[in-house]
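Read through the structure below, which is laid out as structure tokens, and then see the notes.
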Amino acid sequence: MENNQEGYAKMAEFVDALIAQKYPGDAPENHADLREKLIESLGEHIDAATDQLLTTEQAAELAQLLANQDEANYAKTYFDYFTNHGIDFQQKVQDAMIEFGQQFLGANYE
């Protein structure tokens, strides 16, 4: 995810697919409030999953690096930090999204 707007768009697309799967045939407008709540919850779920990837020291170091970044470089610095520490951030995000989807749908879909 390159930036907040792109990240939001990807989460929204994922949530839209979940809603369509859980409520086939329903108009998307019927679930507008649920959609927004799910996007927010998905973001929190991803944050919780990725917060566990760094030690306390690494998290502090990353926060210090990010404090000095402008918006254009923030995401690159963030993702590069994980890559440079041998962490597959994208895989962790994908795993968190799958887990979230399974919980929402109430069944294991793989």
Side-chain angles (χ1 to χ4, degrees):
M1 287 180 243
E2 295 295 317
N3 60 43
N4 289 340
Q5 289 178 339
E6 185 177 331
Y8 181 88
K10 287 181 179 184
M11 288 190 301
E13 181 179 341
F14 181 75
V15 164
D16 290 343
L18 289 175
I19 291 171
Q21 187 173 353
K22 188 156 186 165
Y23 306 106
D26 280 6
E29 300 80 35
N30 294 343
H31 303 286
D33 290 340
L34 175 62
R35 179 182 189 266
E36 289 308 311
K37 289 177 186 174
L38 287 175
I39 294 169
E40 182 179 338
S41 293
L42 176 58
E44 291 169 358
H45 189 79
I46 291 169
D47 288 345
T50 57
D51 284 349
Q52 300 172 10
L53 299 176
L54 300 176
T55 65
T56 304
E57 294 81 16
Q58 289 172 325
E61 180 181 24
L62 177 58
Q64 186 174 19
L65 287 171
L66 295 174
N68 299 320
Q69 296 298 316
D70 59 15
E71 189 175 332
N73 293 315
Y74 187 94
K76 181 176 180 357
T77 300
Y78 184 82
F79 294 119
D80 285 352
Y81 187 86
F82 285 92
T83 301
N84 293 337
H85 286 82
I87 299 168
D88 189 345
F89 184 83
Q90 294 299 332
Q91 183 62 51
K92 296 296 182 181
V93 169
Q94 183 179 11
D95 293 345
M97 291 175 77
I98 290 169
E99 179 183 46
F100 182 87
Q102 291 171 343
Q103 289 172 359
F104 174 70
L105 295 172
N108 279 332
Y109 291 91
E110 293 187 315

Pairwise distance CG(Leu62) to CZ(Phe82) - rounded to 0.5 angstrom = 6.0 Å
Crowded around Gln91 CD? As in, over 12 foreign heavy atoms under 6.0 Å?
-> yes
How many angstroms lie between CG in Asn68 and OG1 in Thr77, if you round to the nearest 0.5 Å?
-> 9.5 Å
Return the set of residues passing side-chain hydrogen bond (donor to acceptor under 3.5 Å, both in side chains) with Asp51 (not counting sequence neighbours), or none when no residue passes.
-> none
Taking only residues two or more places apart in sequence, or in another chain, which ones meet Glu44 in a side-chain hydrogen bond (donor to acceptor under 3.5 Å, both in side chains)?
-> none
Supply the atom-to-atom distance Phe89 CZ to Leu53 CG, rounded to the nearest 0.5 angstrom.
-> 7.0 Å
Please, which pairs that meet salt bridge (Lys or Arg N to Asp or Glu O under 4.0 Å) have at least one residue in residues 11-20, sequence neighbours excluded?
-> Asp16-Arg35
Could you check if a side-chain atom of Ile98 sits within less than 4.5 angstrom of a side-chain atom of Gln94, using non-hydrogen atoms only?
-> yes
Residue set satisfying side-chain hydrogen bond (donor to acceptor under 3.5 Å, both in side chains) with Asp80, at least two apart, ordered chain then number -> Lys76
Who are the side-chain hydrogen bond (donor to acceptor under 3.5 Å, both in side chains) partners of Glu36, not counting sequence neighbours?
-> Tyr8
Which pair of non-hydrogen atoms, one from Leu38 and one from Phe104, has the smallest distance, and what is that distance?
-> CD1-CE1, 3.6 Å
Roughly how far, to the nearest 0.5 Å, is the CG atom of Leu66 from the OH atom of Tyr78?
-> 8.0 Å
Find out whether Gln90 and Phe79 are in side-chain contact, i.e. whether some heavy atom of one side chain is under 4.5 Å from a heavy atom of the other.
-> yes
Does a side chain donor of either Glu61 or Tyr81 reach within less than 3.5 Å of an acceptor in the other side chain?
-> yes
Separation of Gln58 CD from Ile87 CD1 (nearest 0.5 Å) | 5.5 Å
Sequence neighbours excluded - ring pair (Phe, Tyr, Trp, His ring centres under 6.0 Å) pairs with any residue from residues 25-59 = Tyr23-His31, His45-Phe100
If you draw a 6.0 Å radius around NZ in Lys37, do more than 12 non-hydrogen atoms from other residues or ligands fall strictly inside?
-> no
